[in-house]
**Student:** 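I'd like to ask you about the structure that follows.
Here is how names work: the chains are called A, B, and so on, in the same order as the sequence lines, proteins then strands, and each is numbered from 1.
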Protein chains: 2
Amino acid sequence: MKAAKRKTLEAKGWKVGSVEDFLELSPEEVAYIEMKFALSNTLKAHRAKEKLSQVEVAKIFKTSQSRVAKMEAGDPSVSIDLLVKSLLALGASPKDLAKAIS
Amino acid sequence: MKAAKRKTLEAKGWKVGSVEDFLELSPEEVAYIEMKFALSNTLKAHRAKEKLSQVEVAKIFKTSQSRVAKMEAGDPSVSIDLLVKSLLALGASPKDLAKAIS
DNA sequence: TGCATATATGTCGAATATGACATAATCTAC
DNA sequence: GTAGATTATGTCATATTCGACATATATGCA
């Protein structure tokens, strides 16, 4: 955020800070969430590359379309485990995953 | 395994193959397990570097010594999620984790 | 517009992961 | 040896994650 914009908002009574400040997240929690979103986005990218619908990859993953949607949204109910397993099922290699979180 | 050793075992009636053949694991399952062990070993390495006991890191992680032991053993009851969170709590960066699984 | 396809959200019972505890095994001096 | 510290294993009640379903909200196209 630009300093000018920050001043404007603060003048209007907003408390301005980073998202992690606002939600009171520790650096580890932030890193964890960022990793999850990185994997979510990678999953979306892999599915887009294959031009598959969520219903189609759901069959490959042996799960439901709704869970695929939640995976891609980085929903709190989705574990990194599930994202990793799904990405591997889509043909991603461990190195691809490493790149994704770097 | 050396070819000679393989021949000897096969002559005795053993079916010789890779661990994944024996356990009938798919490549994805193998990759998943290997990632888990990579993270387990990284966790052990980080703890060793800090010269902490399992009891000590258990306090940091807010868990028990027995679960730490299972984490480091790559026990099936331990998720990648838990390993990632624990490593982050020990000060590892996402890049460190990326290196670990590469 | 209306209709089909795709994606998102909320909820629920079942499955899995979790921390905790007891106890066993292993290591490390003395 | 053995005493103390450390690490490993088995089990269990609770918590979290899971697939599935219903339903809502897009998105595209005639």
**Student:** Once you round it to whole Å, what is the distance between P of dT16(D) and NZ of K62(B)?
**Tutor:** 14 Å

**Student:** Between protein and nucleic acid, restricted to nucleotides 27-30 of chain C and to nitrogen or oxygen atoms under 3.5 Å apart, what atom pairs and distances do you find?
**Tutor:**
none

**Student:** Go through the steps to decide whether K85(A) and L88(A) satisfy the test side chain to side chain contact (heavy atoms under 4.5 Å, CB included), and finish with yes or no.
**Tutor:** CA-CA 5 Å; K85(A) 286 178 181 172; L88(A) 293 175; 5.7 Å; no

**Student:** Take the protein atom CE of M71(A) and the nucleotide atom P of dA8(C), then report the distance between them rounded to whole Å.
**Tutor:** 13 Å

**Student:** Please list, for nucleotides 16-18 of chain C, all pairs of protein and nucleotide N/O atoms separated by less than 3.5 Å.
**Tutor:**
from, atom 1, to, atom 2, distance (Å)
dT18(C), OP1, S79(B), OG, 2.6
dT18(C), OP2, S77(B), O, 3.0
dT18(C), OP2, S79(B), N, 2.9

**Student:** Kindly calculate the angle separating the two end axes of the helix from dT1(C)-dA30(D) to dC30(C)-dG1(D), each obtained from five base pairs, and round it to 10 degrees.
**Tutor:** 50°

**Student:** Could you tell me whether the side chain of K70(A) has a donor or acceptor atom within less than 3.5 Å of a complementary atom in the base of dG19(D)?
**Tutor:** no

**Student:** With sequence neighbours excluded, tell me which residues meet side chain to side chain donor-acceptor pair (under 3.5 Å) with E50(B).
**Tutor:** none

**Student:** Pair up each side-chain donor or acceptor in residues 94-102 of chain A with any protein partner under 3.5 Å, not counting sequence neighbours, and list the distances.
**Tutor:**
from, atom 1, to, atom 2, distance (Å)
D96(A), OD2, S93(A), N, 2.9
D96(A), OD2, S93(A), OG, 3.2
S102(A), OG, A98(A), O, 2.7

**Student:** With a 3.5 Å cut-off and just heavy-atom distances, do the side chain of S64(B) and the base of dC21(C) make a donor-acceptor pair?
**Tutor:** no

**Student:** According to a hydrophobic-cluster definition based on side-chain heavy atoms being under 4.5 Å apart (Ile, Leu, Val, Met, Phe, Trp, Tyr only), do F37(A) and L87(A) belong together?
**Tutor:** yes

**Student:** Considering residues at least two apart in sequence or located in another chain, which fulfil the side chain to side chain donor-acceptor pair (under 3.5 Å) criterion with S66(A)?
**Tutor:** S64(A)

**Student:** Within the structure provided, determine whether V55(A) and V68(A) are in side-chain contact (heavy-atom separation under 4.5 Å).
**Tutor:** no

**Student:** Name all residues meeting the salt bridge (Lys or Arg N to Asp or Glu O under 4.0 Å) criterion together with R47(B); count only those two or more places apart in sequence or in a different chain, and write none if there are none.
**Tutor:** E72(B)

**Student:** In Å, rounded to the nearest 0.5 Å, how long is the span from CD of Q65(A) to NZ of K59(A)?
**Tutor:** 13.0 Å

**Student:** Test of understanding: with side chain to side chain contact (heavy atoms under 4.5 Å, CB included), list the residues that count as partners of A89(A), not counting sequence neighbours.
**Tutor:** F61(A)

**Student:** Is there any protein nitrogen or oxygen under 3.5 Å from a nitrogen or oxygen in nucleotides 26-30 of chain D, and what are the pairs?
**Tutor:**
none

**Student:** Can you tell me the distance, in whole Å, between the CZ atom of F61(A) and the P atom of dA20(D)?
**Tutor:** 14 Å

**Student:** When rounded to the nearest 0.5 angstrom, what is the spacing between CD in Q54(A) and NZ in K44(A)?
**Tutor:** 9.5 Å

**Student:** Which pairs of donor and acceptor atoms, one on a side chain in residues 76-83 of chain B, lie under 3.5 Å apart (sequence neighbours left out)?
**Tutor:**
from, atom 1, to, atom 2, distance (Å)
S77(B), OG, D75(B), OD1, 2.8
S79(B), OG, D81(B), N, 3.4
S79(B), OG, L82(B), N, 3.0
D81(B), OD1, I80(A), N, 2.7
D81(B), OD1, D81(A), N, 3.1
D81(B), OD2, Y32(A), OH, 2.3
D81(B), OD2, I80(A), N, 3.4

**Student:** Does S86(A) form a side chain to side chain contact (heavy atoms under 4.5 Å, CB included) with M71(A)? I'd like the steps, not just the answer.
**Tutor:** CA-CA 9 Å; S86(A) 300; M71(A) 286 186 218; 3.4 Å; yes

**Student:** Please name the pair of heavy atoms, one in G74(A) and one in K36(A), separated by the smallest distance, quoted to 0.1 Å.
**Tutor:** O-CE, 4.0 Å

**Student:** Could I get a table of every N or O pair under 3.5 Å where one atom is in the protein and the other is in nucleotides 2-7 of chain D?
**Tutor:**
from, atom 1, to, atom 2, distance (Å)
dT7(D), OP1, R47(B), NH1, 3.0
dT7(D), OP1, R47(B), NH2, 3.4
dT7(D), OP2, Q54(B), N, 2.7

